[in-house]
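A short worksheet on the structure shown next.
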Amino acid sequence: MPRVKFGTFSLEAPDDWTLNSVILAGPVDDSPQQGMLTTKAVQPFQRNLITTLEQVGPNETLEGYVQRQIDGLREAGVPRQEGRPPEKVNLEGGQEGLLTEQIIQGPDGERVRQMQLVVIKKGAAHTTIASHLDGASFERVREEFRKMLLSFT
């Protein structure tokens with residue numbers, strides 16, 4: 001039985017179990033700055049970084065995988081728009097990744113900007129999404145998010 005370890009978390013798991021999600025919670029932003037567009041009063045927001053892993057076929061491409069994610073959001077009716085064009089990146093661990101940005105509308109009307117990295121490694125698509133409120137709040141942490149994502153190994 002393998003041991004799953006991440007930071008202070010550790011437990012034994014059966015061989016047929018896989019780790020498929022990691023969530024890191026950043027500091028709460030009590031005072032969003034101007035530039036954050038919303039239709040309702042803004043509540044404090046906790047920026048976050050979420051990683052999911054999904055088994056993929058041997059012929060899967062970064063672009064194809066990202067397009068299927070976008071199609072799934074559309075089918076689910078999630079309001080989404082491109083934040084920046086996709087960018088191929090070389091990561092610290094030597095892997096190639098695809099970095100994208102998108103803006104989605106949250107359930108309370110808030111606009112959330114996400115910087116997303118997709119890497120395909122050992123038969124799994126690793127999708128890491130760093131999120132914060134769109135506008136000045138996101139721009140203040142853009143380089144922090146980018147540095148975190150590009151450190152993937």
Side-chain angles (χ1 to χ4, degrees), residues 4 6-9 17-57 59-93 95-153:
V4 176
F6 185 79
T8 59
F9 173 83
W17 283 60
T18 60
L19 178 66
N20 72 359
S21 297
V22 175
I23 300 173
L24 298 175
V28 174
D29 189 347
D30 298 347
S31 55
Q33 303 295 311
Q34 283 186 331
M36 200 279 313
L37 306 174
T38 182
T39 57
K40 294 186 178 184
V42 178
Q43 300 297 315
F45 187 88
Q46 188 167 23
R47 63 183 180 256
N48 58 79
L49 190 139
I50 298 172
T51 297
T52 62
L53 290 79
E54 180 181 1
Q55 299 300 310
V56 295
N59 298 321
E60 186 65 72
T61 66
L62 295 169
E63 294 82 3
Y65 186 80
V66 167
Q67 187 58 54
R68 272 198 313 291
Q69 288 182 321
I70 292 169
D71 293 345
L73 288 171
R74 282 190 190 122
E75 288 174 18
V78 176
R80 179 200 180 277
Q81 67 186 54
E82 289 293 321
R84 287 193 173 183
E87 174 189 358
K88 285 259 181 142
V89 293
N90 293 312
L91 306 170
E92 286 182 13
Q95 293 287 123
E96 183 178 76
L98 188 62
L99 193 63
T100 62
E101 280 190 30
Q102 62 187 357
I103 302 163
I104 61 169
Q105 185 174 335
D108 293 326
E110 70 276 12
R111 288 171 45 103
V112 176
R113 184 174 284 253
Q114 299 176 325
M115 186 181 288
Q116 173 179 287
L117 173 70
V118 175
V119 176
I120 297 176
K121 181 178 177 181
K122 296 182 181 178
H126 298 70
T127 303
T128 303
I129 303 170
S131 303
H132 203 348
L133 294 171
D134 191 26
S137 296
F138 184 88
E139 293 305 324
R140 279 194 317 275
V141 297
R142 173 184 291 285
E143 288 308 311
E144 174 184 24
F145 280 168
R146 186 176 175 89
K147 184 177 180 181
M148 290 172 71
L149 293 175
L150 296 182
S151 72
F152 179 90
T153 59

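Heads up: numbering here begins at 1 and tracks the sequence. The basis for the numbers below is simple: all heavy atoms, side chains too, and nothing from hydrogens, waters or symmetry mates. Predicted model only: the values in this text are computed from it and were never measured.
In terms of modelled atom types and a separation under 3.5 Å, the side chain of Asn48 and the main chain of Gln46 share a donor-acceptor contact.
Here the CD1-OG1 distance, from Ile129 to Thr100, works out to 8.0 Å after rounding to the nearest 0.5 Å. Going from atom CD of Gln95 over to atom CG of Asn90 covers 10.0 Å, rounded to the nearest 0.5 Å. Going from atom CD of Gln114 over to atom CD1 of Ile103 covers 10.0 Å, rounded to the nearest 0.5 Å. From Gln102, atom CD reaches atom CD of Glu82 across 7.5 Å, with rounding to the nearest 0.5 Å.
Listed by first and then second residue, the side-chain hydrogen bond (donor to acceptor under 3.5 Å, both in side chains) pairs that reach into residues 143-153 are Glu87-Arg146, sequence neighbours excluded.
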Passes side chain to side chain contact (heavy atoms under 4.5 Å, CB included), Gln81 versus Arg111? Steps please. CA-CA 10 Å; Gln81 67 186 54; Arg111 288 171 45 103; 4.0 Å; yes

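Within the 4.5 Å cutoff, no side-chain heavy atoms of Thr51 are placed close to those of Leu117.
Residues Ala130 and Phe138 share a closest heavy-atom pair of O-CE1, 4.3 Å. Here the closest heavy-atom approach between residue Ala124 and residue Gln55 is recorded as CB-NE2, 3.9 Å. Minimum heavy-atom separation, Gly97 to Val119: CA-CG2, 4.1 Å.
Residues meeting the ring-ring contact (aromatic ring centres under 6.0 Å, His included) test with Phe152, sequence neighbours left out: His126. Evaluation of the side-chain hydrogen bond (donor to acceptor under 3.5 Å, both in side chains) rule for Glu96 yields Lys88 as partners, not counting sequence neighbours. Every residue two or more places apart in sequence or in another chain that forms a salt bridge (Lys or Arg N to Asp or Glu O under 4.0 Å) with Arg142 is listed here: Glu101, Glu139. Contacts of Glu54 classified as salt bridge (Lys or Arg N to Asp or Glu O under 4.0 Å), with partners at least two apart in sequence or in another chain: none.
When each of Thr61, Leu62, Val89 is checked for a side chain to side chain contact (heavy atoms under 4.5 Å, CB included) with Leu98, only Leu62 meets the rule.
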Result block: side-chain N/O donor-acceptor pairs under 3.5 angstrom for residues 66-79, not counting sequence neighbours:
unit_1	atom_1	unit_2	atom_2	d
Gln67	NE2	Asp71	OD1	2.9
Arg68	NH1	Glu60	OE2	3.3
Arg68	NH1	Gly64	O	3.3
Arg68	NH2	Glu60	OE1	2.2
Arg68	NH2	Glu60	OE2	3.1
Gln69	OE1	Gln116	NE2	3.1
Gln69	NE2	Thr127	OG1	3.2

